[in-house]
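Before I ask anything, let me first share the structure, which is written out below as structure tokens.
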Amino acid sequence: MASTPSCKKNKENKNAIQSMLLSCKLYISESRNHAALDSIERAARLHPETAVVNKFEDRAYNRTSYTLVSYVAHDCTGSPIYSPLLDTVIAIAEAAYDAVNLELHSGTHPRLGVIDDIVFFPLARASLDEAAWLARSLAKEIGSRFQVPVFLYAAAHPMGKALDTIRHELGYYRPNMIGNQWAGWDQPELLPAEPDEGPSQVHRAQGITMIGARTWVAYYNIPIMSTDVLVTRRIARMVSARGGGLPTVQTLGLVHGEESNEIACMLLEPNQVGADRVQNRVEMLAAEEGLDVEQGYFTDFSPEMLVEKYMNLISGKLD
């Protein structure tokens, strides 16, 4: 377990620490096994200075995301040395690897690991450098302690490598099961690229994980009233920056239930290209295909709401 800061703390210092917040979003490849999720959530609540501020489950995708918030503390020179998030995420990882077997997993969302993705965001007065420091610290722990290959991305990567670039290199986006689903582990056990931490050999029950740090990203999903996933993917690509659509928008067209599909969107700069603009573009393109579109939805709260929820949950615990 990581040690606590050595600098003397008084009540005023504690208040300052609480305003230097980081958020961690974890994606677990499980949503149907409630006993597994219960075990993971018990681990998430072990540390009194970490708050679970959001949980989002999707049974079609067989995927659950958790959003955690806690502080980052510094030594007397101002360098980050400790965050309760590190101990919390390690406990979650141990519970997840014990409770979830990737070889038995299937769903309609791509994934390459039991813990598919972990990303840190700075909140309040914290910086992106502090989020990247924590991401790299966690990557070393996950790689060495659990012998899981870890790929760093965005600000956590030495060259700022993009998440979608790494995913394309590793075959993340290719379904491996009939019905446009992903099941088990079908990649070579010896990875085609060297991970940043951990072994190059994959344990099939665990898979690999991505760990990154970046400024806030909004996750916004739009239901498409169609079972034709090829049309949904065509619309998704035309909306995305990669397909010549909206800048700083990444999309996936996915099967979502028996009667509809969904366009899952990552808004990399939500203050510049927001959900309304993405919704309007999808509706326009879907209308050209004769398809109806439902109102999209966010899968998490805004940064301001995360801070508010954290302060409400943690109030009094550091006194």
Side-chain angles (χ1 to χ4, degrees), residues 25 27 29 31-32 54-65 67 106-112 116-117 119 162-168 171-183 210 214-303 305:
K25 188 181 256 310
Y27 291 88
S29 298
S31 69
R32 301 167 187 168
N54 190 48
K55 172 186 177 182
F56 184 81
E57 294 179 81
D58 195 303
R59 287 187 60 81
Y61 293 158
N62 201 5
R63 185 176 177 89
T64 301
S65 67
T67 306
S106 65
T108 60
H109 194 291
R111 79 291 179 277
L112 287 172
D116 192 51
D117 182 22
V119 58
L163 175 61
D164 66 330
T165 299
I166 300 170
R167 284 174 163 175
H168 276 284
Y172 180 86
Y173 298 105
R174 294 193 297 268
N176 65 357
M177 181 179 174
I178 192 169
N180 289 286
Q181 295 200 60
W182 285 259
M210 315 285 182
R214 64 198 327 170
T215 55
W216 183 254
V217 171
Y219 300 85
Y220 185 73
N221 296 345
I222 304 175
I224 307 294
M225 298 299 99
S226 171
T227 57
D228 189 335
V229 71
L230 295 179
V231 173
T232 301
R233 287 177 179 163
R234 184 164 65 244
I235 294 170
R237 183 167 182 83
M238 293 171 68
V239 171
S240 71
R242 181 183 286 269
L246 298 173
T248 70
V249 173
Q250 296 178 358
T251 60
L252 278 176
L254 300 169
V255 173
H256 195 254
E258 296 182 357
E259 299 181 355
S260 66
N261 294 324
E262 190 168 80
I263 297 179
C265 307
M266 289 177 61
L267 313 184
L268 303 182
E269 298 286 350
N271 291 330
Q272 297 181 21
V273 181
D276 289 347
R277 192 170 168 189
V278 175
Q279 181 80 34
N280 291 339
R281 182 64 62 91
V282 169
E283 288 177 359
M284 180 190 73
L285 294 171
E288 293 174 0
E289 301 283 353
L291 300 179
D292 292 328
V293 175
E294 290 189 352
Q295 182 63 40
Y297 59 94
F298 290 101
T299 64
D300 208 344
F301 300 108
S302 68
M305 283 296 298

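Throughout, numbering of the chain's residues begins at 1 and tracks the sequence.
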Going through the checks in order, is the side chain to side chain contact (heavy atoms under 4.5 Å, CB included) test met by Leu267 and Arg277?
-> CA-CA 11 Å; Leu267 313 184; Arg277 192 170 168 189; over 6 Å; no
Residue pair Ile263, Thr232: steps toward the side chain to side chain contact (heavy atoms under 4.5 Å, CB included) verdict | CA-CA 7 Å; Ile263 297 179; Thr232 301; 3.8 Å; yes
Is the shortest heavy-atom distance from the side chain of Gln250 to the side chain of Leu163 under 4.5 Å?
-> no
Measure up the Tyr172 and His109 rings against each other and bin them: parallel (under 30°), tilted (30 to 60°), perpendicular (over 60°).
-> perpendicular
Measure from the side-chain N and O atoms of Asn261 to the backbone N and O of Ile224, and report whether any donor-acceptor pair falls under 3.5 Å.
-> no
Closest contact, heavy atoms only, Ser260 versus Thr227 | N-CG2, 4.3 Å
Roughly how far apart are Glu289 CD and Leu285 CG, rounded to 0.5 Å?
-> 8.0 Å
Exam field: side chain Arg242 to backbone Arg237, donor-acceptor pair closer than 3.5 Å | no
Mind checking what makes side chain to side chain contact (heavy atoms under 4.5 Å, CB included) contact with Ala162, not counting sequence neighbours?
-> Asp164, Thr165
So do Arg59 and Ser31 actually touch side chain to side chain, heavy atoms under 4.5 Å?
-> yes
CD1-CE distance between Ile235 and Met284, expressed to the nearest 0.5 angstrom | 10.0 Å
Distance in Å, Phe56 CZ paired with Tyr27 OH, rounded so as to fall on 0.5 Å steps | 9.5 Å
Output yes when Asp117 and Arg63 qualify as a salt bridge under the 4.0 Å nitrogen-oxygen rule, no when they do not.
-> no
When rounded to the nearest 0.5 angstrom, what is the spacing between CZ in Arg281 and OG in Ser240?
-> 10.5 Å
Thr108 (side chain) donor-acceptor with Val255 (main chain) under 3.5 angstrom = yes
Please report the C-alpha distance between Trp182 and Asn62 in whole Å, then the side-chain angles of each, then the deciding distance to 0.1 Å, and finally whether the side chain to side chain contact (heavy atoms under 4.5 Å, CB included) criterion is met.
-> CA-CA 10 Å; Trp182 285 259; Asn62 201 5; over 6 Å; no
State, yes or no, whether a side-chain contact exists between Val249 and Tyr220 at a heavy-atom distance under 4.5 Å.
-> no
Over all heavy atoms of both residues, which pair between Leu291 and Met225 is shortest? Give the atoms and the distance, please.
-> CD2-O, 4.2 Å
Would one find more than 12 heavy atoms of other residues, nucleotides or ligands at under 6.0 Å from atom CD of Glu288?
-> yes
Contact summary for Arg111 and Ala183, nearest pair of heavy atoms = NH2-C, 3.3 Å
Report yes or no: does Gln279 contribute a side-chain atom to a donor-acceptor pair with the main-chain N or O of Gly296 at less than 3.5 Å?
-> yes
Take atom CE of Met266 as the centre, draw a 6.0 Å sphere, and report whether it contains more than 12 heavy atoms from other residues, nucleotides or ligands.
-> yes
At their closest point, which heavy atom of Val273 faces which heavy atom of Pro247, and how far apart are they?
-> CG2-O, 3.4 Å
Evaluate the side-chain proximity of Trp216 to Pro270: yes if any heavy-atom separation is below 4.5 Å, no if none is.
-> yes
Value for NE2 (His168) from OH (Tyr173), rounded to nearest 0.5 Å, stands at 5.0 Å
For Ser29 against Asp116, the heavy-atom pair lying closest together = OG-CB, 4.1 Å
What is the distance from atom CG of Asp58 to atom OG of Ser65, rounded to the nearest 0.5 Å?
-> 9.5 Å
Between Glu262 and Tyr297, does a side chain to side chain contact (heavy atoms under 4.5 Å, CB included) hold up when you go through it step by step?
-> CA-CA 11 Å; Glu262 190 168 80; Tyr297 59 94; 2.6 Å; yes
Which pair of non-hydrogen atoms, one from Leu252 and one from Pro110, has the smallest distance, and what is that distance?
-> CD1-CG, 4.0 Å
